[in-house]
Trainee: 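Mind looking over this structure? Questions follow.
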Amino acid sequence: MEKVLVTGAAGQLGTELTQQLTEVYGTEAVIASDINPKAKATFPYCRFVVLDVMDRERLRKCIKEENVTQVYHLAAVLSASAEKKPLLSWRVNMDSLLHLLELAREFNLNKLFWPSSIAVFGPDSPKIQTPQQAAKEPVTAYGIAKLAGERWCAYYHQQYGVDVRSLRFPGLIGYKALPGGGTTDYAVAIFHQALAGKSFRSFLRKDTRLPMMYMPDAIKASLALMQAPKDRISIRSSYNLAAMSFSPEELYQGILPYFPEFNITYEPDYRQTIADGWPQSIDDLEARRDWDWSPDYELPAMIQEILQELPKWIQHKKSDL
Ligand code: AKB
């Protein structure tokens, strides 16, 4: 019987992926964990434990005592936050991954999932349809840690046979959790402002086109990768993954028909420098070839669904208070 531990479960990806994992494995088979004790309220449907991913012995105790067979290691310091505390973000993003790679080896875990990012590419990478093996010279603390992490994943697979699998996520857009420290988080916050009848101040220039993905596609890709037969996995660093690309102006224009009075201003800040070093679009042919990846959402469908569902979600969260 599989027993799945999710770290950083209260984050944007974890909030939705944990729910989906209970659909796949059953509520008794999934343990949500987060460093924030208050995150327990997010997981009424499964076990919740407080876990600091920097505490290797606590991680070890949980994996051993709970007979964990798979770990989705989602806890991370994202790009914008990492630039404010580069050395702390390196320790959190790297040490926690190395803890889990070692524990996956020690306990012979069936599988380990770890998200990488488009942040592994840098200003010298091709901007359009960036290929899997393009030059990767990241210039952010987050990108450096993600690139190093990819190499450790490939090393632990090669040296010890650890079945660790990874995706280079684009900006992820979900409405079931507030964003936390990412350069692409503007694309979540804008919906809350539109629904609240407020104007939106974009911290990126209007023409800053970035690879993006609606959360249901990110969940679909994560599960498809993890459920693929081992012999279909040809990339053990991390797979390029794509769905769509858009700029703040394109997103705003897509929302405007629903809220004709909605207004946006552009006030680029330090996150513009981060975004300028990232690709505008990604070539994910290896994911499509190896495990039949294909996204379901383009920008119009994502906008329509979020504007339809977010008001209900906000009401649901208010009723929980
Ligand atoms: C971030 O903006 O830091 C993340 C990412 C693109 O990896 N969403």
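FYI, side chains are in, hydrogens and waters are out, and symmetry mates aren't considered; it's all heavy atoms of this structure. None of the values given here were measured: they were computed from a predicted structure. Both counts, for ligands and for their atoms, begin at 1 and track the order of listing.
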Trainee: Which of the numbered atoms in ligand 1 are under 4.0 angstrom from any heavy atom belonging to L78?
Mentor: 3 (O)
Trainee: If the cut-off is 4.0 Å to any non-hydrogen atom of S117, which atoms of ligand 1 fall inside it?
Mentor: 5 (C), 6 (C), 7 (O)
Trainee: Knowing that exactly one of K111, R105, R236 qualifies, which makes a salt bridge (charged side-chain N to carboxylate O under 4.0 Å, His left out) with D163?
Mentor: R236
Trainee: Hey, are R271 and E83 close enough for a salt bridge, meaning a charged N less than 4.0 Å from a carboxylate O?
Mentor: no
Trainee: Hey, does S79 come in under 3.5 Å of ligand 1, counting only N/O atoms on both sides?
Mentor: yes
Trainee: Just to verify, which of Q70, E2, K3 counts as forming a side chain to side chain donor-acceptor pair (under 3.5 Å) with N110?
Mentor: E2
Trainee: When you measure from atom 8 (N) of ligand 1 to every protein heavy atom, which one gives the shortest distance, and what is it?
Mentor: T184 OG1, 3.1 Å
Trainee: With sequence neighbours left out, what residues match F246 under ring-ring contact (aromatic ring centres under 6.0 Å, His included)?
Mentor: none
Trainee: Tell me: protein heavy atom nearest atom 4 (C) of ligand 1, and distance?
Mentor: Y142 OH, 4.0 Å
Trainee: Taking only heavy atoms of T183 into account, list the atoms of ligand 1 that are under 4.0 Å away from them.
Mentor: 1 (C), 2 (O), 3 (O)
Trainee: Enumerate, atom names and distances included, each donor-acceptor pair closer than 3.5 Å involving a side-chain atom of residues 195-202, sequence neighbours excluded.
Mentor:
unit_1, atom_1, unit_2, atom_2, d
S202, OG, L204, N, 3.1
S202, OG, L204, O, 2.7

Trainee: Mind checking whether W278 has an N or O less than 3.5 Å away from an N or O of ligand 1?
Mentor: no
